[in-house]
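Naming convention: chains lettered A, B, ... in sequence-line order (proteins, then strands); numbering from 1 in each chain. As the structure is a prediction and not an experimental result, all values here were calculated from the model.
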Number of protein chains: 2
Amino acid sequence: MSTQTQENYLKCIYKLSTQNIEGASTNAIAKELQARAATVTDMLKKLAEKKLINYTKYKSVSLTVKGNKLALEIIRRHRLWEVFLVNTLHFKWDEVHEVAEQLEHINSEKLIENLNNFLGNPKFDPHGDPIPDKHGKMIDTRSIPLSEAKIGDKLQMTGVLEHSNSFLNYLNEINLLPNQKFTIKKINPFDQSMQIEILKGNTQFISSLTASNILVKCL
Amino acid sequence: MSTQTQENYLKCIYKLSTQNIEGASTNAIAKELQARAATVTDMLKKLAEKKLINYTKYKSVSLTVKGNKLALEIIRRHRLWEVFLVNTLHFKWDEVHEVAEQLEHINSEKLIENLNNFLGNPKFDPHGDPIPDKHGKMIDTRSIPLSEAKIGDKLQMTGVLEHSNSFLNYLNEINLLPNQKFTIKKINPFDQSMQIEILKGNTQFISSLTASNILVKCL
DNA sequence: TTAAAATTTTAGACAAATCTAAAAATAAAT
DNA sequence: ATTTATTTTTAGATTTGTCTAAAATTTTAA
């Protein structure tokens with residue numbers, strides 16, 4: 001068995017490993033989890049002892065098969081609970097993260113399987129992130145950041161890269177949510193800001209920073 | 001803020017205080033939580049420091065107003081989650097306890113209020129125990145153990161005193177569940193065992209130990 | 001009412017997760 | 001290719017929750 005803290009480390013290493021090809025460094029983990037590097041080193045030794053990560057002194061770490069499976073299980077729980085909170089309990093999508101961070105550590109296979117059935121076996125969470133199935137498999141979304149799309153592209157929003165409250169809230173306000181379809185009307189060549197048309201005649205101004213944190217797929 | 005462990009101690013002290021008038025003794029708490037008396041003493045000091053219990057060396061402890069409020073909050077969460085597990089996720093009533101023990105520590109007022117609304121503001125959990133409202137108030141059930149009822153009494157089951165899996169499962173098997181109405185046909189004067197009639201012609205034999213763990217109200 | 005039994009507390013230890021400060025190893029730069 | 005900077009690890013402490021063994025207190029009973 002693993003503690004909540006250890007589960008959070010695994011989730012963190014999983015996340016960093018998908019971003020950088022070179023596994024996760026001690027410092028990167030420390031920054032992400034807001035802990036000291038020394039603390040991370042201590043924990044890495046414990047996780048290595050449990051065969052959950054591959055660890056060599058002074059090198060970046062990676063998840064073992066066992067660790068990867070556990071990380072995906074936590075992510076599955078987290079995303080299913082987010083669906084529950086938004087669909088069933090009517091939370092707004094920017095209110096679910098902290099609660100889901102707690103709920104993801106509840107340990108009961110039956111709970112998660114029954115919750116999954118109740119929710120109708122959903123494939124994506126409210127932020128557009130894919131939900132791993134019970135074997136750890138999930139849909140490959142092949143999304144690109146909006147900032148990489150071109151003028152005239154017909155797009156559909158699939159998710160976000162930035163999960164902060166303020167960002168999600170901002171998207172709420174401008175009505176740009178996952179699954180929303182829109183077209184790029186203009187891109188300002190000076191600062192890469194863009195104008196998008198969500199519905200006929202409803203255009204919206206998007207800064208390049210915002211665009212780089214919105215995921216879309218081409219239609 | 002209180003830790004999960006501390007919340008479990010409060011719940012335990014609450015439970016023991018409703019059973020014995022004289023508060024909860026160190027040994028009784030130790031037995032209930034399966035810990036050593038020395039461990040309990042250590043924890044009692046910490047809870048007293050937080051003004052959650054009234055503690056004097058070598059005396060039984062009781063909850064302060066603040067501690068009582070917190071205990072009722074945990075009990076509210078626990079029982080609401082039990083309703084959710086049985087009504088929404090189709091758990092059997094003897095499968096919910098361990099999971100609810102974990103869920104009760106999730107800390108989010110919005111979560112509990114929205115869950116309560118979703119469930120339709122239920123007044124009793126699946127075992128017949130009353131659910132405190134957000135101010136800690138709950139319905140007074142005025143139940144008595146079946147063992148204190150008399151021949152000929154028309155009764156309705158309201159709950160149980162013993163929550164072990166094996167006991168709940170046994171009740172399942174003999175089809176004696178909360179809200180079930182029945183009549184006492186016979187009481188054996190030698191061992192206090194009884195025969196009850198659930199439906200016309202459907203009589204059931206109940207040992208005095210079982211009877212003392214079933215709560216009923218007279219109709 | 002004093003001796004025996006039971007209960008409760010203290011003292012000292014340990015594992016988990018964290019920290020600071022200092023040392024060691026690696027990476028970067030002149 | 002050394003020196004400097006950065007990263008990582010070690011060493012030593014702290015807090016929380018737990019334990020055992022022994023001491024202190026209270027309760028029970030002869």
- [ ] Assign each of B:Ala38 and A:Ala38 to its nearest nucleotide of DNA chain C by heavy atoms, then name whichever residue's nucleotide is nearer the 5' end.
- [x] B:Ala38

- [ ] Please determine, for the side chain of A:Tyr58, which listed nucleotide (C:dA11, D:dT9, D:dT16) has the closest atom?
- [x] D:dT9

Open item on the list: So, does B:Lys57 get its side chain near the phosphate of C:dT10, meaning an N or O under 4.0 Å from OP1 or OP2?
Closed with: yes

Task: Given A:Arg77, A:Lys11, A:Arg79, the one that forms salt bridge (charged side-chain N to carboxylate O under 4.0 Å, His left out) with A:Glu104 - done: A:Lys11

TODO: Output, in order, the C-alpha distance, side-chain angles, deciding distance and verdict of side chain to side chain contact (heavy atoms under 4.5 Å, CB included) for A:His163 and A:His97.
DONE: CA-CA 9 Å; A:His163 287 73; A:His97 193 70; 5.5 Å; no

Open item on the list: What is the separation between atom NZ on B:Lys31 and atom P on C:dT8, rounded to the nearest whole Å?
Closed with: 12 Å

Open item on the list: Measure CG/A:Leu47 against C1'/C:dA16 and give the value in whole Å, please.
Closed with: 12 Å

Task: B:Leu44 CG to C:dT10 P, straight-line distance once rounded to whole Å - done: 11 Å

Open item on the list: Between B:Lys66 and B:Glu73 (salt bridge meaning N to carboxylate O under 4.0 Å), is one present in this structure?
Closed with: no

Open item on the list: Just N and O in the side chain of A:Lys46: are any of them under 4.0 Å from OP1 or OP2 of C:dA16?
Closed with: no

Open item on the list: Rounding to an integer number of Å, can you tell me how far A:Leu33 CG sits from C:dA17 C1'?
Closed with: 13 Å

Open item on the list: Please confirm whether the shortest side-chain N or O distance from B:Arg36 to OP1 or OP2 of D:dT18 is below 4.0 Å.
Closed with: no

Task: Listed nucleotide nearest any side-chain atom of A:Asn27, set D:dT7, C:dT8, D:dT16 - done: D:dT7

Task: Value in whole Å for how far the C1' atom of D:dA11 lies from CG of A:Asp42 - done: 10 Å

Open item on the list: Side chain of A:Lys45, heavy atoms from C-beta onward: which of D:dT16, D:dT10, D:dT8 has the nearest atom to it?
Closed with: D:dT10

Task: A:Asp191 side chain to A:Ser193 side chain, donor-acceptor N/O pair below 3.5 angstrom - done: yes

Open item on the list: Any base atoms under 4.0 Å from A:Thr26, or only sugar-phosphate, or nothing? Heavy atoms, all strands.
Closed with: sugar-phosphate

Open item on the list: For a quick test of reading the model: is some side-chain N or O of B:Gln6 closer than 4.0 Å to OP1 or OP2 of D:dG17?
Closed with: yes

- [ ] Among the candidates D:dT8, D:dT18, C:dT18, find the nucleotide nearest to the side-chain atoms of A:Thr39.
- [x] C:dT18

Open item on the list: Strictly below 4.0 Å: does B:Thr5 bring a side-chain N or O up to OP1 or OP2 of D:dT16?
Closed with: no

Task: For atom CD of A:Gln34 and atom P of C:dC19, their distance in whole Å - done: 10 Å

Open item on the list: What's the closest nucleotide to the side chain of B:Tyr55 if the choices are C:dA17, C:dT9, D:dT20?
Closed with: C:dT9

TODO: Round to the nearest Å and state the distance from A:Ile53 atom CD1 to D:dT8 atom P.
DONE: 13 Å

Task: Check ion pair B:Glu173-B:Lys92 (N to O, under 4.0 angstrom) - done: no

- [ ] Please work out whether the ring planes of B:Phe84 and A:Phe118 are parallel, tilted or perpendicular, with thresholds of 30° and 60°.
- [x] perpendicular

Open item on the list: Less than 4.0 angstrom between a side-chain N/O of B:Thr3 and OP1 or OP2 of D:dG17, yes or no?
Closed with: yes

Open item on the list: What is the distance, to the nearest angstrom, from the NZ atom on A:Lys59 to the P atom on C:dA25?
Closed with: 14 Å

